[in-house]
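To find a chain, count down the sequence lines: A is the first, B the second, and so on, and within it residues start at 1.
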2 protein chains.
Amino acid sequence: MTDFNPKDAEYLSKLQDYYANWKSIPSYASLCGVFGIASKSWVKTILTRLSEAGFIERTPDGVWVPMRQFFGRPLAESSVPAGMPVSVDSGQGELFIIDEMLIDAPSKTTLIPVKGDSMIEAGIHDGDVAVVEKRMSANVGDIVVAIVDSEFTLKTLDKERGKFILRPANQAYPVIRPQGVLEIFGVLVGLIRKYRK
Amino acid sequence: MTDFNPKDAEYLSKLQDYYANWKSIPSYASLCGVFGIASKSWVKTILTRLSEAGFIERTPDGVWVPMRQFFGRPLAESSVPAGMPVSVDSGQGELFIIDEMLIDAPSKTTLIPVKGDSMIEAGIHDGDVAVVEKRMSANVGDIVVAIVDSEFTLKTLDKERGKFILRPANQAYPVIRPQGVLEIFGVLVGLIRKYRK
DNA sequence: TACTGTAAAGAACGTTTGTTCTGTTGTCAA
DNA sequence: TTGACAACAGAACAAACGTTCTTTACAGTA
């Protein structure tokens, strides 16, 4: 991964605690107190590392902001769905609850289990759960759920000689060139995978 | 109430827009650009009014922070399909991405951003978010977060001639054969990916 | 013992920040 | 047509801020 080490994890945890209270990342001087150190320059080193590791980032103004998914309520508290969760019916009678990071438009979002390995080169595996936002249009390059021969298909949308085509991410599968109008069900906005223990 | 007028509402809306993007309230100088005015002192007047009206407040450090209920997702968007159970925001704390489907032991579970492509053949990409359950032991075949040379590494746990080894899912990376005890931070239990639109 | 690398401290410094105070402009009412 | 007030502009300034550079402490290693 990165050169993110246990020591950094300790500082991250302190920053998360502070942020949970104040919802802001304060000045380097204040962070000295938060981290329990005396050196502003060392604070900078720590923040730079945390950002390289992907936990925080900077706005164009140079202000540090947390990547929200890592600075929420402590996971311990979220055993009951926290925040303003969204319930989405997978269509199979199962009920999943997912948060706003993956879902922008709850009423238009569905979960669809991925079958087959036609998109495996895009890191989408059999058994993964696709988070799909229902839309009838998409851009070239988007991964879309299209309806081909009355079946759902997950493919990358592309264009060839002015016509839309569906490109699998697996060389063993053919490119789909729909005759007539390509029917798009939605666009892939997220992916969830669960590893069995 | 206060002398909060339509003009202030317009500024509030601009601030909300900015905040929706950057999750922070910038300096007075930057806010000049956001509000479309040229005077820092007027920015201060506006912010003071917004705080008197209860839309924002200041931390002890003097940093402006929004009152969350006014700076969240617009209510219209968070409506949930009828018939589905709805949980209500406690008012405090952020929203978390993941639900009970991915997390069994909330207090022991952490999210870690994936860096690099050493596990790409397992469909784990740079930028994905790993859901990790903290444990000190794991089984052969599990994908684990191990601490190697004081760094976090995501690899598949395997055994070779009675000794544990860490196997990357990318032929360009070497197998890691730790000398001494292999230090395991946790086990990968889930994966989340978000596609940008 | 000497060398190396990491963690942290601390001083120096130019820039940015928020604040305050004084002007300017436009509008509406008397 | 004058006065009052709200909406802004702009200058001045001390305090705070982030950055850079140098130094110290310490543990591991050769």
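The separation between A:Ile46 atom CD1 and C:dT6 atom C1' is 12 Å, rounded to whole Å. Spacing between atom CH2 of B:Trp42 and atom C1' of D:dA6 amounts to 7 Å, rounded to whole angstrom units.
An OP1 or OP2 oxygen of D:dA7 is reached within less than 4.0 angstrom by a side-chain nitrogen or oxygen of B:Arg49.
Remark: B:Arg58 pairs with no residue by the side-chain hydrogen bond (donor to acceptor under 3.5 Å, both in side chains) rule, at least two apart or across chains. When the ring pair (Phe, Tyr, Trp, His ring centres under 6.0 Å) test is applied to A:Phe35, the partners found at least two apart in sequence or on another chain are A:Tyr11.
Side chains of A:Leu31 and A:Leu15 form a contact here, defined as non-hydrogen atoms less than 4.5 Å apart.
Linking Ile, Leu, Val, Met, Phe, Trp and Tyr residues whenever their side-chain heavy atoms come within less than 4.5 Å leaves B:Val63 and B:Ile56 in two separate clusters.
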Per-nt protein contacts along nucleotides 12-20 of chain D (heavy atom under 4.0 Å; B base, S backbone sugar-phosphate only, - none) come out as -----SBBB

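Within a 6.0 Å radius of CD in A:Gln171, other residues, nucleotides and ligands contribute 12 heavy atoms or fewer.
Side-chain atoms of A:Ser39 and base atoms of C:dA8 include no donor and acceptor less than 3.5 Å apart.
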B:Val131/A:Lys194 under side-chain contact (heavy atoms from CB on, under 4.5 Å): CA gap, chis, key distance, verdict: CA-CA 9 Å; B:Val131 184; A:Lys194 183 179 170 70; over 6 Å; no

